[in-house]
Structures are given as C-alpha cells and as structure tokens.
Amino acid sequence: IKFENEMFKKYGDDVKNKPLADKLKLLFDDISDKNFNASDFISYITSIKHELFTEDELYWNLKINYLGRNKEDNQYPVVLFSVNTNDIQNVEQDTVQYLYDTFDKKITKMQKEEIEKMFNEGKLFFIDGQLKIPNIPLSQNHKQK
C-alpha cells in the first residue's frame, strides 16, 4: 500500500530534520484528521514512522506498541506511543504515553498508572505475546487469552 501524505508535501523533504516534539505534533495532528478503520490506521502508522522519524529516534525516543483493548463488548486494536521527552537518551522516567483508540478515533495522553491499571483490569492486552512498554512493568498475565 502506498500512502500519499499531505504532511510531507506540506513540510517538505526536511521533515526528518525537525525536532522530535515538532514531528510528534505533526503526526498527532495528521492522525487526528484521518478517518481510518483500525487495520488501515495500523498500516498507516507502520509505513509512515520510517518516513517521519530517524532510526535513532525510533530506537531511543519513540516506541510504538500495537495492543488490544476490551471495552464493553468490543475488542479492537489500539496504538500506544511511548515518547521519551528527555534529551538524554533512554531515560525511562521521562517517558510519556499517548494512547490512540481506533474505535473512538482519538489520542489521549495517559499516566503510567492509568496504563498499568488498564492492563491489570484486562482492558488492555498484548496482541502478539509479551512486549515491553518503557517505564511500565507488566507481568505475563497481560497477554491475550
């Protein structure tokens, strides 16, 4: 699938040279304007992340986890963006979480404790085995059953 993205046309080829905070704002503004279904949204994020962020940023400053969510009688994917806000690389205490809900189509800044609680209550789960979310300790019981 090839995406024609207005973001890159609007901001030019030097988008990768922008500060991380500016690129995150571009991404979050961009996804808030789209009306994707869940699988298209995940495909979009997977394809655009390498166009927008450098490999160093994806390794040190930005983790993207694709999770499942149980909400009422629905089960659907969500995307968790873990952003290291410190200029010093890999400082987990400075990680901020943003949850994109593919059902409600909105992104919400989340506290570490809120995410842990959602996992513990079974509202969030890993779709594909045990993964790591920066600064959030999780146990094996957070896998999909």
Side-chain angles (χ1 to χ4, degrees), residues 1 3 5-8 10-11 13-72 74-145:
I1 299 173
F3 291 99
N5 193 307
E6 296 300 319
M7 181 189 328
F8 298 117
K10 183 176 178 181
Y11 297 102
D13 294 333
D14 67 336
V15 70
K16 277 194 177 182
N17 296 327
K18 293 189 176 296
L20 179 65
D22 291 351
K23 290 191 271 189
L24 286 167
K25 181 172 178 4
L26 290 174
L27 176 64
F28 292 165
D29 287 348
D30 186 54
I31 62 178
S32 69
D33 289 339
K34 304 280 189 238
N35 189 16
F36 292 115
N37 67 36
S39 60
D40 286 345
F41 179 78
I42 290 173
S43 294
Y44 182 75
I45 294 298
T46 301
S47 67
I48 199 172
K49 70 181 180 182
H50 294 287
E51 299 296 324
L52 187 57
F53 301 101
T54 66
E55 291 304 313
D56 282 344
E57 288 169 332
L58 290 171
Y59 183 79
W60 293 105
N61 303 103
L62 179 65
K63 301 290 185 229
I64 301 172
N65 286 303
Y66 305 104
L67 306 171
R69 179 153 191 194
N70 289 314
K71 187 174 182 181
E72 298 161 5
N74 293 323
Q75 201 174 67
Y76 57 89
V78 294
V79 180
L80 184 67
F81 298 91
S82 301
V83 182
N84 183 333
T85 58
N86 196 314
D87 289 338
I88 301 170
Q89 297 174 338
N90 235 4
V91 179
E92 288 191 345
Q93 295 82 351
D94 293 327
T95 300
V96 179
Q97 311 290 343
Y98 297 91
L99 185 71
Y100 182 83
D101 189 303
T102 61
F103 185 77
D104 295 334
K105 297 185 179 5
K106 68 179 185 177
I107 192 160
T108 306
K109 184 176 180 179
M110 306 284 289
Q111 297 297 318
K112 168 188 166 186
E113 296 77 16
E114 292 175 279
I115 303 246
E116 288 177 32
K117 182 179 178 186
M118 290 177 79
F119 271 103
N120 290 333
E121 293 175 349
K123 293 179 181 176
L124 286 179
F125 58 89
F126 289 106
I127 296 171
D128 228 357
Q130 179 66 30
L131 302 176
K132 182 177 182 334
I133 297 175
N135 201 31
I136 298 180
L138 300 169
S139 66
Q140 290 293 349
N141 65 347
H142 295 116
K143 294 181 182 178
Q144 182 180 19
K145 296 184 167 89

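No hydrogens, no waters, no symmetry mates; every other heavy atom, side chains included, goes into these values. None of the values given here were measured: they were computed from a predicted structure.
- The structure places NZ of K71 at 7.0 Å from CZ of F103, a figure rounded to the nearest 0.5 Å.
- Shown here are the side chain to side chain donor-acceptor pair (under 3.5 Å) partners of Y76, two or more places apart in sequence or in another chain: D101.
- Between the CD atom of E121 and the CD atom of E116 there is a distance of 12.0 Å, given to the nearest 0.5 Å.
- Using a 4.5 Å cut-off on side-chain heavy atoms (C-beta onward), L27 and I45 make contact.
- Around NZ of K123, the count of heavy atoms belonging to other residues, nucleotides or ligands within 6.0 Å does not exceed 12.
- Under the 3.5 Å distance criterion, the side-chain polar atoms of T95 are left unmatched by any main-chain donor or acceptor of S82.
- For K63 and Y59, the positive end sits near the middle of the six-membered ring, less than 6.0 Å away and at most 45° from its axis.
- For K25, the side chain to side chain contact (heavy atoms under 4.5 Å, CB included) criterion is met by D29, not counting sequence neighbours.
- The side chain to side chain donor-acceptor pair (under 3.5 Å) check on Q111 picks up nothing, with sequence neighbours excluded.
- Taking NZ of K106 as the start and CD1 of I31 as the end, the distance is 13.5 Å to the nearest 0.5 Å.
- The minimum heavy-atom distance linking V15 with K23 is given by the pair O-CD, 3.2 Å.
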(message) Quick one, D30 with I48, criterion side chain to side chain contact (heavy atoms under 4.5 Å, CB included). Give me CA distance, side-chain angles, the key distance, then yes/no.
(response) CA-CA 11 Å; D30 186 54; I48 199 172; 4.2 Å; yes
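- Rounding to the nearest 0.5 Å places CD of E114 at 8.5 Å from CE of M118.
- Looking at every heavy atom in both residues, P77 comes nearest to I42 through CB-CD1, 3.6 Å.
- The side-chain contact (heavy atoms from CB on, under 4.5 Å) test with N84 singles out one residue from L20, L62, N61, and that residue is N61.
- Of the candidates T108, L80, V83, L80 is the only one forming a side-chain contact (heavy atoms from CB on, under 4.5 Å) with Q97.
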(message) Could you walk me through whether L24 and F81 satisfy the side chain to side chain contact (heavy atoms under 4.5 Å, CB included) test, starting with their C-alpha distance in whole Å, then the side-chain angles of each, then the deciding distance to 0.1 Å, before giving a yes or no?
(response) CA-CA 10 Å; L24 286 167; F81 298 91; 5.8 Å; no
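- Side-chain contact between E51 and K16: absent, with no pair of heavy atoms (C-beta onward) separated by less than 4.5 Å.
- Proximity of the aromatic rings of Y100 and F28 is defined here by a centroid distance below 6.0 angstrom, and this criterion is not met.
- The CG atom of D104 sits 13.0 Å away from the CD1 atom of I107 when rounded to the nearest 0.5 Å.
- Side chains of L26 and K18 form a contact here, defined as non-hydrogen atoms less than 4.5 Å apart.
- Proximity of L67 to F126: side-chain heavy atoms (C-beta onward) are separated by under 4.5 Å at one or more points.
- For the pair Q75 and F125, the minimum side-chain heavy-atom distance is below 4.5 Å.
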